[in-house]
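Before any comments, here is the structure.
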2 protein chains.
Amino acid sequence: MFSKACEYGIKASTYIALQSLEMNRVSLKEIASEINSPIAFTAKILHKLAKNDILESVKGPYGGFQIKKERIDSIKLAHIVAAIDGDDIYNGCALGLDECNALQPCPLHEKFVGIRSDLKKMLENTSLYEVATGLEVGLTFLKR
Amino acid sequence: MFSKACEYGIKASTYIALQSLEMNRVSLKEIASEINSPIAFTAKILHKLAKNDILESVKGPYGGFQIKKERIDSIKLAHIVAAIDGDDIYNGCALGLDECNALQPCPLHEKFVGIRSDLKKMLENTSLYEVATGLEVGLTFLKR
DNA sequence: CTTATTTAAGATAATTTTGTCCGAATAGCA
DNA sequence: TGCTATTCGGACAAAATTATCTTAAATAAG
Ligand code: SF4
Ligand code: SF4
């Protein structure tokens, strides 16, 4: 459904949010180990998210990544996905056709558009806060 | 959403079905040109579909691909997708986690499972006949 | 100011997906 | 039989994605 990069992005953001709620800044190393992802690859993804104003990075000793507490609820999964995978999900059609004539859609159009818009809505309505706090019970799931 | 191979597979099957309804057997060349796909790559995909009993291939002069008229309605998109992409869509979770504890699902589980099962249902309920005949008006869409 | 620590950035490598090429096998036809 | 059109099947190549390595830049602390 999403690219590997995007999955890491979501998991990492979730972990950072969880720690930021307790005022902990976390290092790249810690994040990668916590979500079981390749360190350097994760670095690029976090960098991208930082450039997209989704999280903040701090260099130097005691540096790392964090998210402003008050923003955790306004950051939606859709923002993360868009920053990493772009808007491919929203645009292309299921069959990968280049463009589409809305006046004479193929027989699948209605159905696909419905499902895709459900997904979109879900991503837009689900905040990082929701995901992070929703799993405080079984935190280990981020490792899988 | 689907792999490129899968997209070609759906488009090709649709075209073959459309022609088979009129008792025309179509060649690889014709198919590839009709759906705008790389010839050799398309060959592999069609071959795979043939091995999965989704379509029939005939070698030699006047050979090509076809689908038994009476089967066109019982072949569902799900069959094609499964033959090419396997069952990845149905198994993995949105976050790409290896396994999942249904007893203590992450906060996204309900939502994702719902959307995914909608997609699954749609693929299982949509037959090649439906797709092929549904677009007889604007056939050129397969080129895009 | 120096050093240790940590992210930034770019080059490089491995893997997967997508795409190409070519000889072999098959079938129709003269 | 021999010729030709076509799929089959495997080896090969290119492109995209994922992952690693190396060096630079920033910054906190002594
Ligand atoms: S009309 Fe059909 S081909 Fe076009 S965007 Fe919709 S589903 Fe895709
Ligand atoms: S519980 Fe969460 S992590 Fe597990 S399969 Fe469901 S969505 Fe994925």
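In what follows, every chain begins at residue 1, and chains take the letters A, B, ... in the order their sequences are listed.
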The side chain of [X] lies closest to which of these nucleotides: [options]?
{"X": "A:K59", "options": "D:dT27, C:dG19, C:dA27", "value": "D:dT27"}
{"X": "A:A40", "options": "D:dT20, C:dT7, D:dT6", "value": "D:dT20"}
{"X": "A:F65", "options": "D:dA28, C:dT18, C:dT7", "value": "C:dT7"}
{"X": "A:Y62", "options": "D:dA29, D:dA19, D:dT18", "value": "D:dA29"}
{"X": "B:K4", "options": "C:dT18, D:dG9, C:dT7", "value": "C:dT18"}
{"X": "B:S27", "options": "D:dT18, C:dC29, D:dT6", "value": "D:dT6"}

task: Would you mind telling me which residue lines up with the more 5' stretch of DNA chain C, B:R25 or B:I39, judged by nearest nucleotide?
output: B:I39

A:T133 vs A:L21 side-chain heavy atoms within contact, under 4.5 Å: yes

- prompt: Side chains of B:K48 and B:K44: closer than 4.5 Å at any heavy-atom pair?
  reply: no

task: Report yes if at least one side-chain N or O of B:S57 is closer than 4.0 Å to OP1 or OP2 of D:dT6; otherwise report no.
output: no

query: Between C:dT18 and B:Y8, is there an OP1 or OP2 to side-chain N/O distance shorter than 4.0 Å?
result: no

query: Between A:R25 and A:Y62, is there a donor-acceptor pair closer than 3.5 Å when you use the side chain of the first and the backbone of the second?
result: yes

Exam field: side chain A:N125 to backbone A:K121, donor-acceptor pair closer than 3.5 Å: yes

message: What contact category does B:K44 fall into here, base, sugar-phosphate, or nothing, at under 4.0 angstrom with non-hydrogen atoms?
response: base

Can you check the [X] [atom1] to [N] [atom2] distance for me, whole Å?
{"X": "B:L46", "N": "C:dT18", "atom1": "CG", "atom2": "C1'", "result": "15 Å"}
{"X": "A:I35", "N": "D:dA19", "atom1": "CD1", "atom2": "P", "result": "11 Å"}
{"X": "B:L28", "N": "C:dG19", "atom1": "CG", "atom2": "C1'", "result": "13 Å"}
{"X": "B:D85", "N": "C:dT18", "atom1": "CG", "atom2": "P", "result": "8 Å"}
{"X": "A:E56", "N": "D:dT27", "atom1": "CD", "atom2": "C1'", "result": "16 Å"}

- request: For B:K29 and for A:S37, locate the closest nucleotide of DNA chain D by heavy-atom distance; then report the residue assigned to the nucleotide nearer the 5' terminus.
  value: B:K29

message: When you compare the side chains of B:T126 and A:K111, does any donor N or O come within less than 3.5 Å of an acceptor on the partner?
response: yes

